[in-house]
Amino acid sequence: NIKFEDYKIGEDTLFCSNLWTNSEKVLFVDLPLYNYYMNSDGVFSNNLSDEKWLDQIKTHYLAYKNFIGYKEKNISVWFLENGIKFLLSYRLFSKNNKDKKNKSEIKNLYKKYYAEYLSCRDISTANKIYVFISYHFPLLYEARRKLLDKTIR
């Protein structure tokens, strides 16, 4: 009874997490059997629509929720950390996030994500502070990022 849900992007992430956590036995095969078609509107492009950004954030959060209580706890933490990174990336770098509805939705998603993030014992205090600063003080984050870019060159 596991089906792909109606998301513009990230539906495979959610499908696989549902499949994995609802299976009695999972077998890892170290072969490249999963093909991924790269397209110009996919998750790795620089021009995702707001709807796709939001879907990516939501599907990672739902996958995280699927893996809570799973025997491999680090998988849920991975989805939590990556989901919040997508959220921060959208908030900080999306040129289209001026829509009030999307801002409200991002704020609500952040509250949900950050509450889980704060309570996760497997995430360092430094990372929790970094996410807080990045979300609430984007100009400070941007200045730090530019400074780091200069020192790397």
Quick check: do [X] and [Y] have side-chain heavy atoms less than 4.5 Å from each other?
| X | Y | value |
| --- | --- | --- |
| Phe67 | Ser17 | yes |
| Leu62 | Asn18 | no |
| Ile133 | Leu140 | yes |
| Ile75 | Trp20 | yes |
| Glu11 | Thr59 | no |

Can you measure from [atom1] ([X]) to [atom2] ([Y]) and round to the nearest 0.5 angstrom?
| X | Y | atom1 | atom2 | value |
| --- | --- | --- | --- | --- |
| Leu118 | Phe132 | CG | CZ | 9.0 Å |
| Tyr113 | Leu80 | OH | CG | 7.0 Å |
| Tyr135 | Lys111 | OH | NZ | 8.0 Å |
| Gln56 | Leu14 | CD | CG | 11.0 Å |
| Arg91 | Leu88 | CZ | CG | 8.5 Å |

Problem set entry | Lys58 side chain to Leu109 backbone, donor-acceptor under 3.5 Å |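 No, Lys58 side chain to Leu109 backbone: no donor-acceptor pair under 3.5 Å.
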Exercise. Checking ring-ring contact (aromatic ring centres under 6.0 Å, His included) for the pair Tyr110/Tyr114: CA distance, chi angles, key distance, verdict?
Worked result: CA-CA 6 Å; Tyr110 174 77; Tyr114 197 64; 5.2 Å; yes
If every non-hydrogen atom of [X] is compared with every non-hydrogen atom of [Y], which pair is closest and at what distance?
| X | Y | value |
| --- | --- | --- |
| Gly83 | His60 | CA-CB, 3.7 Å |
| Asn127 | Glu81 | ND2-OE2, 3.9 Å |
| Asn66 | Thr21 | O-CG2, 3.4 Å |
| Glu116 | Tyr61 | OE2-OH, 3.5 Å |

Problem set entry | Step-by-step side-chain contact (heavy atoms from CB on, under 4.5 Å) determination, Ile57 to Ile106 | CA-CA 9 Å; Ile57 294 163; Ile106 284 295; 3.8 Å; yes
For this session: Give the intermediate values and the outcome of side-chain contact (heavy atoms from CB on, under 4.5 Å) for residues Tyr64 and Ile84.
Result: CA-CA 11 Å; Tyr64 156 73; Ile84 208 159; over 6 Å; no
For this session: Give a yes or no on whether Leu87 and Val77 share a hydrophobic cluster (residues Ile, Leu, Val, Met, Phe, Trp, Tyr; joining criterion: side-chain heavy atoms under 4.5 Å apart).
Result: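 In one cluster: yes.
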Problem set entry | Cluster overlap Tyr90 with Phe137, hydrophobic side-chain contacts below 4.5 Å |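 Cluster IDs for Tyr90 and Phe137 match.
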Pairs under 3.5 angstrom only: tabulate donor-acceptor contacts from the side chains of residues 3-10 to other protein residues two or more places apart or in another chain.
none

Problem set entry | Qualifying residues under side-chain hydrogen bond (donor to acceptor under 3.5 Å, both in side chains), relative to Glu142, sequence neighbours excluded |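 Checked Glu142 against side-chain hydrogen bond (donor to acceptor under 3.5 Å, both in side chains); matches are Arg145.
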For this session: Using the side-chain contact (heavy atoms from CB on, under 4.5 Å) rule, take Trp53 and Ser89 through it: C-alpha gap first, then chi angles, then the decisive distance, then the call.
Result: CA-CA 9 Å; Trp53 270 106; Ser89 294; 3.7 Å; yes
